[in-house]
Amino acid sequence: MYIPLWAFNMQTISTFDFDGVIYFGDNQPGVRPGPDDILITGRSFQERQKTEVWCQKFNIKNQIFFSPVPEHLKTREISGFHKALTLRELQKTMIIALHFEDDPVQKAIIEAMVPEVKVVHLVHELTEK
C-alpha cells in the first residue's frame with residue numbers, strides 16, 4: 001500500500017456517530033471519544049443546542065458535525081450520506097482510523113462511499129434506529 005509522504009504529517013483520529021454510540025439516553029453516555037476525535041451526527045443543525053447541552057453535562061468537548069437537513073426531513077439514508085460526505089471532507093486534512101456507527105443502513109452507505117474508512121458496527125437495541 002502506497003502512503004504519500006504528506007500523510008505522515010496528518011493527524012490520525014476516529015469519528016463517532018452520536019445517537020446509539022455516544023448517546024444512549026438523557027442520563028446514559030455510551031462510548032467515550034478521545035480528545036481529538038470528531039462526532040458526526042445525523043442530527044439536524046436544528047438539534048445543535050440540546051446536543052451541545054448534553055455533551056457539556058458529560059464533559060464531551062469534541063467537535064460535532066451536524067446534518068444540514070431540517071429535522072423534519074431527516075432519514076437514515078440522508079444521515080448516512082451526510083456522514084460519508086463529511087468523512088470524505090475530513091480525509092483531506094486528517095487520517096480517519098475508524099468510524100463508530102450503530103445504524104446498519106448508514107454503515108452500508110459509509111462503507112460504499114468511503115471504503116477506505118473502517119466502520120466499527122455497534123450492535124444493540126438500546127436506541128431506536
Under a single-linkage definition using a 4.5 Å side-chain heavy-atom cutoff for Ile, Leu, Val, Met, Phe, Trp and Tyr, are Ile60 and Leu98 assigned to the same hydrophobic cluster? yes
Not counting sequence neighbours, which residues clear side-chain hydrogen bond (donor to acceptor under 3.5 Å, both in side chains) with Asp37? List them please. none
Would you name the heavy atoms of Ser67 and Gly42 that are closest together and state the gap between them? CB-O, 3.6 Å
Hey, could you give me the NE2/CD1 distance between His82 and Ile109, rounded to the nearest 0.5 Å? 12.0 Å
Run the side-chain hydrogen bond (donor to acceptor under 3.5 Å, both in side chains) test against Arg48 and tell me which residues pass, sequence neighbours left out. Glu52
Measure from the side-chain N and O atoms of Ser44 to the backbone N and O of Val69, and report whether any donor-acceptor pair falls under 3.5 Å. yes
Considering all heavy atoms of both residues, which atom of Glu101 and which atom of His99 are nearest to each other, and what is their separation? OE1-NE2, 3.2 Å
With the side chain counted from C-beta on, respond yes when Cys55 and Ile64 share a heavy-atom pair under 4.5 Å apart, and no when they do not. yes
With sequence neighbours excluded, tell me which residues meet salt bridge (charged side-chain N to carboxylate O under 4.0 Å, His left out) with Glu111. Lys107
Distance check, rounded to the nearest 0.5 Å: Ile96 atom CD1 versus Ile40 atom CD1? 6.5 Å
Of Lys83, Glu77, Arg76, the residue whose pairing with Gln106 passes side chain to side chain donor-acceptor pair (under 3.5 Å): Lys83
Do you know which two heavy atoms are closest between Phe45 and Pro68, and how far apart they sit? CE2-O, 3.3 Å
From Ile110 CD1 over to Leu85 CG, what is the distance, rounded to the nearest 0.5 angstrom? 10.5 Å
Answer yes or no: is there a donor N or O on one side and an acceptor on the other, between the side chain of Gln46 and the main chain of Glu71, under 3.5 Å? yes
Go through the steps for Ile38 and Met94 under the test side-chain contact (heavy atoms from CB on, under 4.5 Å), then give the verdict. CA-CA 11 Å; Ile38 293 176; Met94 55 191 65; 3.8 Å; yes
Can you name the closest pair of heavy atoms from Ile22 and Phe16 and give their distance? CD1-CB, 3.9 Å
Report the C-alpha distance between Thr51 and Phe66 in whole Å, list the side-chain angles of each, state the deciding distance to 0.1 Å, and finish with yes or no for side-chain contact (heavy atoms from CB on, under 4.5 Å). CA-CA 10 Å; Thr51 304; Phe66 290 88; 3.8 Å; yes
Phe18: what forms a ring-ring contact (aromatic ring centres under 6.0 Å, His included) with it, not counting sequence neighbours? Tyr23, Trp54
Please list, chain by chain and in numerical order, all residues satisfying side-chain hydrogen bond (donor to acceptor under 3.5 Å, both in side chains) with Thr41, sequence neighbours excluded. none
Under the criterion side-chain contact (heavy atoms from CB on, under 4.5 Å), I'd like the reasoning laid out for Asp17 against Asp103: C-alpha separation, chi angles, the key distance, then a yes or no. CA-CA 9 Å; Asp17 174 34; Asp103 187 319; 5.6 Å; no
Any link between Phe58 and Leu39 through a network of hydrophobic side chains (Ile, Leu, Val, Met, Phe, Trp, Tyr) touching at under 4.5 Å? yes
Enumerate, atom names and distances included, each donor-acceptor pair closer than 3.5 Å involving a side-chain atom of residues 112-121, sequence neighbours excluded.
from: Glu116; atom 1: OE2; to: Gln91; atom 2: NE2; distance (Å): 3.1
from: His121; atom 1: NE2; to: Asp102; atom 2: O; distance (Å): 3.3

Which atom names give the shortest non-hydrogen contact between Asn62 and Gly34, and what distance separates them? ND2-O, 2.6 Å
